[in-house]
Student: 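Pasting a structure below so you can have a look.
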2 protein chains.
Amino acid sequence: MSEVAATGISVLLVDDHPIVRQGYRRVLESQGDLHVVAEADNAADAYGAFKAHDPDVVVLDISMPGASGLEAIRNIRARSPRARILVFTMHNEAVLVKSAFGAGASGFVTKSSEPSAVVNAIRAVARGERAMSDDIAHILAEDSLSSGSVLDQLGEREIEILRQFAGGATTEEIATHLNLSVKTVQNYHYLIKTKTGARTDAQLVRLAATCGLTKI
Amino acid sequence: MSEVAATGISVLLVDDHPIVRQGYRRVLESQGDLHVVAEADNAADAYGAFKAHDPDVVVLDISMPGASGLEAIRNIRARSPRARILVFTMHNEAVLVKSAFGAGASGFVTKSSEPSAVVNAIRAVARGERAMSDDIAHILAEDSLSSGSVLDQLGEREIEILRQFAGGATTEEIATHLNLSVKTVQNYHYLIKTKTGARTDAQLVRLAATCGLTKI
DNA sequence: TGCAGCTCGGGCAAATTTCCCAAGCCGGAT
DNA sequence: ATCCGGCTTGGGAAATTTGCCCGAGCTGCA
């Protein structure tokens, strides 16, 4: 089955770019103990491939910040809790990293990492350990220093505006509700984004949701 | 306790504006059978007030589209399933109305309704019936005609773009992922909003979430 | 007293959104 | 066969919003 300790570590590659998969495959295969037993080019197929090949480690690229990558992780973990998933992506937002681990990932490595860091991470998660690249560690460390919850970075006004915004209110509506100028609300909006590190309004909304600021 | 059928209907008023509460109170009290036994000026205090006075009907103004009003409803209903809650607000989005009923509200009346419609709604929910003002009924009717799930209105591409957007991806990122021009994605974005009736990106995100398109 | 942080808003260039429109494609209806 | 309608893809132009930078008033704290 997957007790391939003697023969090495079997890997499922999930990435939407064939070229990238080729690169991965080459790097991994050159290690001797790592064997790419399957590939998938989208998150949706990931579980099928996983079930079919039962790899020791899934190396997954969530190219998009939010959804389907995380979904794939949850998908796999929900039905095969012993699955080890290493996320390998170019994104490095603390929120995303936490989400990934929260979804059940065992490791998180950025694309800017050394190949050696990647293969070590694969070996680590195969051993059941948690792994992450140095830059990710720094991001998380930085993040944990400055925040209990992300909300702690925000003032009252900011929180109120975030709540209303995430609740679906227009900038103008918020300005009216709070008796502020539209400009001020816009500035808060921007401030909140920079403070929380959200690059997108959508990320802001899910941030508010995960912090319990709004229910969905 | 709350078996006040002989003495009329006891009401808890929840609204953040004292003036508005005064107005409500005056209107309700003038009816003879309606008695305002308590008030709360925020969603958070609503449950405390409810528990303390056990009113027949809670009249609740969720001034903000999304969150804390719905939370209050769930809060009350979760611990006192026999509670009757009448939402009274200026918002009239179909999504919001459904959410309110989904959260456990018994009625939904807009601020533009006649006072008589409001008091009738209160009596109706007190009898255990469902109640809503005419405009709300129209909105919901309109909405139900055109939609099974909101997603049925959307094509594949639209759904995919909505998913990625709600997941936190930038317009440009989506364009890259799907190999489309930024312009096209922008147009889809706009189209999706008009089709779903979402006025705000945030509403779009929570729409995607409630439809199971994205997890949060 | 003085610094630091929150709140509030102006300014302005750059980017995005909002609508409206056009064209190709395809499937179903006539 | 043809036409209609809907999906997909994008251009164009006006209207808004964003991204940053700045200043001012206020409060609390050292």
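A note on names: the letters A, B, ... follow the listed sequences, proteins ahead of strands, and every chain is numbered from 1. No experiment lies behind these values; they were computed from the predicted model shown.
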Student: So, Arg157(A) and Glu160(A), do they make that salt bridge, N to O below 4.0 Å?
Tutor: no
Student: May I ask you to say what Thr184(A) touches in the nucleic acid, namely base, sugar-phosphate or nothing, with a heavy-atom cut-off under 4.0 Å?
Tutor: base
Student: List for me each residue that meets ring-ring contact (aromatic ring centres under 6.0 Å, His included) alongside His189(B), sequence neighbours excluded, and say none if there are none.
Tutor: Phe165(B)
Student: Please state how far atom CG in Leu191(B) lies from atom C1' in dC20(C), giving the value in whole angstrom units.
Tutor: 12 Å
Student: Look at Arg21(B) together with Asp61(B) and state whether they make a salt bridge at an N to O cut-off of under 4.0 Å.
Tutor: no
Student: Bend across the helix from dT1(C)-dA30(D) to dT30(C)-dA1(D), to 10°, with axes taken over 5 pairs at each end?
Tutor: 30°
Student: Let me know the distance between CD1 of Ile192(A) and P of dT7(C), rounded to the nearest Å.
Tutor: 10 Å
Student: Would you find more than 12 non-hydrogen atoms of other residues, nucleotides or ligands less than 6.0 Å from Lys51(B) atom NZ?
Tutor: no
Student: Rounded to the nearest 0.5 Å, what separation is found between the CG atom of Leu60(A) and the CZ atom of Phe108(A)?
Tutor: 10.0 Å
Student: Please list, for nucleotides 24-29 of chain C, all pairs of protein and nucleotide N/O atoms separated by less than 3.5 Å.
Tutor:
none

Student: Could you tell me how far apart Ile161(A) (CD1) and dT7(C) (P) are, to the nearest whole angstrom?
Tutor: 9 Å
Student: Is the cationic atom of Arg130(B) (NZ for Lys, CZ for Arg) positioned less than 6.0 Å from the six-membered ring centroid of Phe101(B) and within 45 degrees of its normal?
Tutor: yes
Student: Shoot me the first and last contacting nucleotide of DNA chain D against chain B, ordered 5' to 3', at under 4.0 angstrom to non-hydrogen atoms.
Tutor: dC7(D) to dA13(D)
Student: Surrounding CD of Glu172(A) (heavy atoms of other residues, nucleotides or ligands, distance under 6.0 Å), is the total greater than 12?
Tutor: no
Student: Any N/O pairs under 3.5 Å between the protein and nucleotides 12-18 of chain C? List them or say none.
Tutor:
{"unit_1": "dC12(C)", "atom_1": "N4", "unit_2": "Lys183(A)", "atom_2": "NZ", "d": "3.2"}
{"unit_1": "dT17(C)", "atom_1": "OP2", "unit_2": "Thr171(B)", "atom_2": "OG1", "d": "3.4"}
{"unit_1": "dT18(C)", "atom_1": "OP1", "unit_2": "Lys193(B)", "atom_2": "NZ", "d": "2.9"}
{"unit_1": "dT18(C)", "atom_1": "OP2", "unit_2": "Lys193(B)", "atom_2": "NZ", "d": "3.3"}
{"unit_1": "dT18(C)", "atom_1": "O4", "unit_2": "Lys183(B)", "atom_2": "NZ", "d": "2.9"}

Student: Can you name the residues that form a ring-ring contact (aromatic ring centres under 6.0 Å, His included) with Tyr24(A), not counting sequence neighbours?
Tutor: Phe88(A)
Student: Please report the distance, rounded to the nearest Å, between CG in Leu180(A) and P in dT7(C).
Tutor: 10 Å
